[in-house]
Amino acid sequence: MSELQQQRAAALHTLTLACDEQFGDGGRFTRVFAPGRVNLLGDHTDYNEGLVLPVTLGRGVYQAGRPATNRRIRLHSVNFGESLVFDLEDLPTPQAGSWASYVIGVVREFMALISLDRGFDLAIHGDLPAGAGLSSSAALTVSTALILEELTGQRLPRQELVRLCQRVEQRYAGVNCGIMDQFVCALGQAGHSLFLDCRTLAYRHIPLQFTDYRLVVIHSGVSRGLYGSRYNERRAECDSGVQQLRRHFPHVKSLRDVDMKMLQSREAGLEDPVARRCSHVVMENLRVRDAVAALLTADYPTLGQLMTASHASLRDLYAVSCPELDTLVDVCLATEGVLGARMTGAGFGGCAVAVVENAGLDSLSERVKTQYQARTGCEPAIFPLQGNYACGVL
Ligand code: GLA
């Protein structure tokens with residue numbers, strides 16, 4: 001069994017034990033999985049109708065559910081060691097951003113589309129590090145929507161399911177997020193990255209053929225905590241850029257319609273920080289296109305350079321990095337065999353992703369553990385991408 005398969009077997013075993021303990025007899029459970037994600041390139045572009053290139057992970061959220069004979073819903077989170085019981089007619093309003101708020105949010109949104117005639121038992125277990133920016137919340141909402149589909153026998157078109165989960169994030173966690181995380185979680189494929197145009201929602205699966213190189217995800221040990229307000233602030237800055245640019249270029253509906261020439265033209269007259277935020281988005285979209293071309297030709301040195309340039313842009317222009325992530329990326333880049341590295345996701349903590357030659361993997365792990373920790377006092381966690389999974393019924 002590969003390491004990835006062993007990890008999955010262990011997660012499913014934990015889930016089965018939890019079902020027995022919490023719910024006992026009462027029928028067979030259906031099991032589903034939805035993965036977390038790491039973004040290779042294209043951050044803070046999705047809500048600007050831009051381009052993204054995320055990859056699903058081998059880790060994510062597992063759920064086991066079965067229909068009840070009455071209208072009671074019983075939920076249990078293995079990770080949080082918490083249980084909740086309530087009636088279908090009387091869904092509680094849990095604390096925004098808690099695990100239960102995501103689950104109840106999906107139930108509410110699902111019930112607005114499809115009626116549930118009875119309750120259910122649901123056990124949830126995730127093997128993503130918490131607060132790491134690897135989209136554990138998208139994995140939680142998508143897996144909840146999948147299990148509801150299984151329990152009701154009613155399937156939503158995939159993109160409708162994605163939108164539903166995005167709405168839950170926006171309404172129940174207060175983060176005005178884009179669509180990337182839920183989209184890749186629901187539509188990503190094993191062995192591939194997902195090239196998504198967030199304006200048209202056209203997408204293409206790009207094969208990952210890392211034979212001599214590996215992708216490595218490294219958690220900085222800095223939890224993103226309350227990143228929502230700063231994320232929403234960036235969105236507002238981009239919206240302000242669009243408003244200002246539209247006065248001179250009436251066709252501009254989003255930053256997707258903007259190029260560097262327009263930004264640099266004197267008429268645009270954008271002030272900082274809005275000018276820097278807009279430059280990041282425009283250049284990042286170009287980097288995503290170049291990264292797709294690099295992946296398709298297995299040109300990993302170019303992919304690495306684009307990733308490193310993206311980090312500099314997120315740090316200097318978009319201001320969503322933090323000293324620890326900058327140090328982490330520096331340590332990666334100073335290691336032989338590393339072709340590129342960047343923070344990934346929303347930022348303000350969380351993870352970096354690096355592309356490294358197979359031969360350099362051990363020394364990368366070693367240096368991150370010693371040097372990064374010595375320089376920041378934070379404890380990193382290293383996850384070489386062993387393979388990745390699509391979501392689905394197990
Ligand atoms: C978070 C959001 C996504 C995206 C990224 C940044 O993960 O949920 O929609 O905006 O940040 O690229």
Side-chain angles (χ1 to χ4, degrees), residues 34-57 60 96-97 102 105 128-142 159 162-188 193-199 201 203 217 219-220 223-239 254-256 277 280-285 287-288 291 306-307 310-311 313-315 317-322 325 342-353:
R37 65 99 188 91
V38 62
N39 192 16
L40 283 187
L41 239 143
D43 270 314
H44 292 277
T45 47
D46 62 349
Y47 53 81
N48 290 301
E49 298 194 334
L51 306 173
V52 293
L53 187 62
V55 183
T56 62
L57 298 173
Y102 290 104
L128 287 165
L134 298 176
S135 288
S136 54
S137 61
L140 178 56
T141 53
V142 170
Q159 295 198 4
V162 168
R163 289 268 184 228
L164 183 154
C165 293
Q166 183 192 22
R167 277 201 304 281
V168 170
E169 187 86 38
Q170 294 175 338
R171 291 181 185 166
Y172 297 84
V175 180
N176 200 8
C177 66
I179 202 161
M180 167 172 73
D181 302 344
Q182 295 77 13
F183 205 101
V184 67
C185 180
L187 285 134
S193 62
L194 182 105
F195 174 35
L196 171 67
D197 181 332
C198 300
R199 167 166 266 182
L201 297 190
Y203 63 94
V217 178
H219 186 9
S220 63
S223 170
R224 295 180 316 154
L226 297 169
Y227 80 100
S229 58
R230 294 174 69 194
Y231 181 94
N232 293 344
E233 181 185 288
R234 290 293 172 280
R235 266 199 93 142
E237 288 165 347
C238 291
D239 290 346
S254 73
L255 290 180
R256 182 64 181 279
R277 308 293 187 252
H280 164 75
V281 174
V282 170
M283 298 295 291
E284 187 84 342
N285 281 333
R287 279 189 287 268
V288 174
L306 291 162
M307 288 166 65
S310 169
H311 182 77
S313 179
L314 288 159
R315 180 190 61 209
L317 301 179
Y318 217 72
V320 289
S321 187
C322 61
L325 278 171
R342 66 189 284 271
M343 56 150 275
T344 179
F348 312 112
C351 288
V353 56

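Atoms considered below: every heavy atom in the structure, side chains included; atoms not considered: hydrogens, waters and symmetry mates. Numbering of ligands and ligand atoms starts at 1, following listing order. We number each residue from 1, following the sequence as shown.
Here's the thing with Y47: none of its N/O atoms is less than 3.5 angstrom from an N/O atom of ligand 1. Between D181 and ligand 1, an N or O atom pair is found at a separation short of 3.5 Å. Ligand 1 has no N or O atom lying under 3.5 Å from any N or O atom of S135, backbone or side chain. The shortest N or O to N or O distance between T45 and ligand 1 is not under 3.5 Å. For ligand 1, none of its N or O atoms has an N or O atom of M180 under 3.5 Å away.
By the criterion of a heavy-atom distance under 4.0 Å, both the backbone and the side chain of D43 are placed next to ligand 1. Counting heavy atoms closer than 4.0 Å to ligand 1, residue R37 contributes side-chain atoms (C-beta onward) but none from N, CA, C or O.
Scored by the side chain to side chain donor-acceptor pair (under 3.5 Å) test, R171 finds E109 as partners (sequence neighbours excluded).
Residue G178 approaches ligand 1 through these ligand atoms, each under 4.0 Å from one of its heavy atoms: 9 (O). Contact atoms of ligand 1 toward D46: 3 (C), 4 (C), 9 (O), 10 (O) (distance under 4.0 Å to a heavy atom of the residue).
The option with the heavy atom closest to atom 2 (C) of ligand 1, from among Y231, Y318, F183, F348, is Y231.
We find that R230 and E233 are not joined by a salt bridge, their nearest charged nitrogen and carboxylate oxygen being 4.0 Å or further apart.
Classified by interplanar angle (parallel below 30°, tilted 30° to 60°, perpendicular above 60°), the ring pair H44/Y231 is tilted.
Atom CD in Q182 sits 4.5 Å away from atom SG in C177 (nearest 0.5 Å).
No side-chain N or O of Q170 forms a donor-acceptor pair with one of R167 less than 3.5 Å apart. With no hydrogens or angles considered, no side-chain donor-acceptor pair links T141 and E169 at under 3.5 Å.
Side chain of T45 to main chain of L51: a donor-acceptor pair is present (N/O by atom type, distance under 3.5 Å, no hydrogens or angles).
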